[in-house]
Amino acid sequence: SLRLYDTVSGRNVAASFTLSDDGKTLELVPNELLDANRSYDWYMGYSPYIYDLAGNFVALNQLYSRFTTGDDVDSTEPALVSSNILDGAVNIPLNARVSFLLDEPIAGNCASSVTLSTDDGDVSVGVSLSSDRRTITLTPSENMLSNTTYNVNLSDVCDYAGNAANGLLLSFTTGDSVDNAGPSLI
């Protein structure tokens with residue numbers, strides 16, 4: 001069983017749980033705002049027991065984690081801090097990946113709403129989120145077209161508070177070659 005427990009009121013907090021597609025990340029989303037400056041316990045275990053795909057107990061003797069909320073309210077959407085490709089850049093290699101750093105962690109269910117597009121439509125890309133949940137990397141499934149303008153767009157990319165960033169993040173134009181040379185120390 002999974003539960004979020006309010007240590008002050010002594011009650012369970014209603015919440016929903018989502019398991020990632022790869023089965024490695026469990027996300028808890030409370031159904032209500034948590035109280036400020038309060039300790040909560042996130043429990044996993046006991047009846048009904050949770051098993052991994054091999055049939056092993058995930059939490060045989062109840063696993064829990066404690067956290068304390070703050071008193072700030074987050075009402076600001078994530079913002080761009082930096083990227084490996086500058087807005088307006090030209091002669092970008094056809095096999096380039098696009099990575100950008102945001103100023104706060106992104107909720108896992110929101111990272112996939114980043115797109116790479118041309119005037120002809122969206123480009124097929126893999127989207128990955130770094131372990132600190134602040135860097136998103138787009139990897140095109142095939143080389144980009146030469147001498148073409150690409151746009152990176154955000155659509156409801158949100159932080160843990162649900163604040164969503166939307167719109168054009170950056171544009172760049174490809175050159176006519178791939179980059180297969182590794183870095184070298186000078």
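Side chains are part of it too, since the values below use all heavy atoms of this structure and drop only hydrogens, waters and symmetry mates.
The two residues D35 and D6 have their closest heavy-atom pair at OD2-OD2, 4.2 Å. Across all their heavy atoms, R3 and Y5 have their closest contact at NH1-CD1, 3.8 Å. In this structure, L168 and N151 approach most closely via the heavy-atom pair CD1-CB, 3.6 Å.
Judged by distance alone, with hydrogens and angles left aside, the side-chain atoms of T139 form no donor-acceptor pair with the main-chain N or O of R97 at under 3.5 Å. Under a 3.5 Å cut-off, the side chain of N95 and the backbone N or O of N143 do not form any donor-acceptor pair. T174 places a side-chain N or O within donor-acceptor distance of the main-chain N or O of N147, the cut-off being under 3.5 Å. Side-chain N or O atoms of R66 include none that pairs as donor or acceptor with a backbone N or O of D41 at under 3.5 Å. A donor-acceptor contact shorter than 3.5 Å is absent between the side chain of N163 and the backbone of A165. Counting only distance, with no hydrogens or angles, the side chain of S141 and the backbone of S124 share a donor-acceptor pair below 3.5 Å. In this structure a side-chain-to-backbone donor-acceptor pair under 3.5 Å is present from T7 to S39.
At most 12 non-hydrogen atoms from other residues, nucleotides or ligands lie less than 6.0 angstrom from CD of E142. Around the CG atom of D132, the shell of radius 6.0 Å holds more than 12 heavy atoms that belong to other residues, nucleotides or ligands.
Side-chain contact check for V123 versus L145: every heavy-atom pair is 4.5 Å or farther apart. For the pair L154 and F100, the minimum side-chain heavy-atom distance is below 4.5 Å. Considering only heavy atoms from C-beta on, S16 comes within 4.5 Å of N31 through its side chain.
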task: Check step by step if side-chain contact (heavy atoms from CB on, under 4.5 Å) holds for F67 and L34.
output: CA-CA 11 Å; F67 64 93; L34 299 180; 4.0 Å; yes

- request: Walk me through it: do W42 and L2 pass the test side-chain contact (heavy atoms from CB on, under 4.5 Å)?
  value: CA-CA 8 Å; W42 150 240; L2 306 168; 4.0 Å; yes

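If you take CG on D103 and CD on E77, they are separated by 9.0 Å, rounding to the nearest 0.5 Å.
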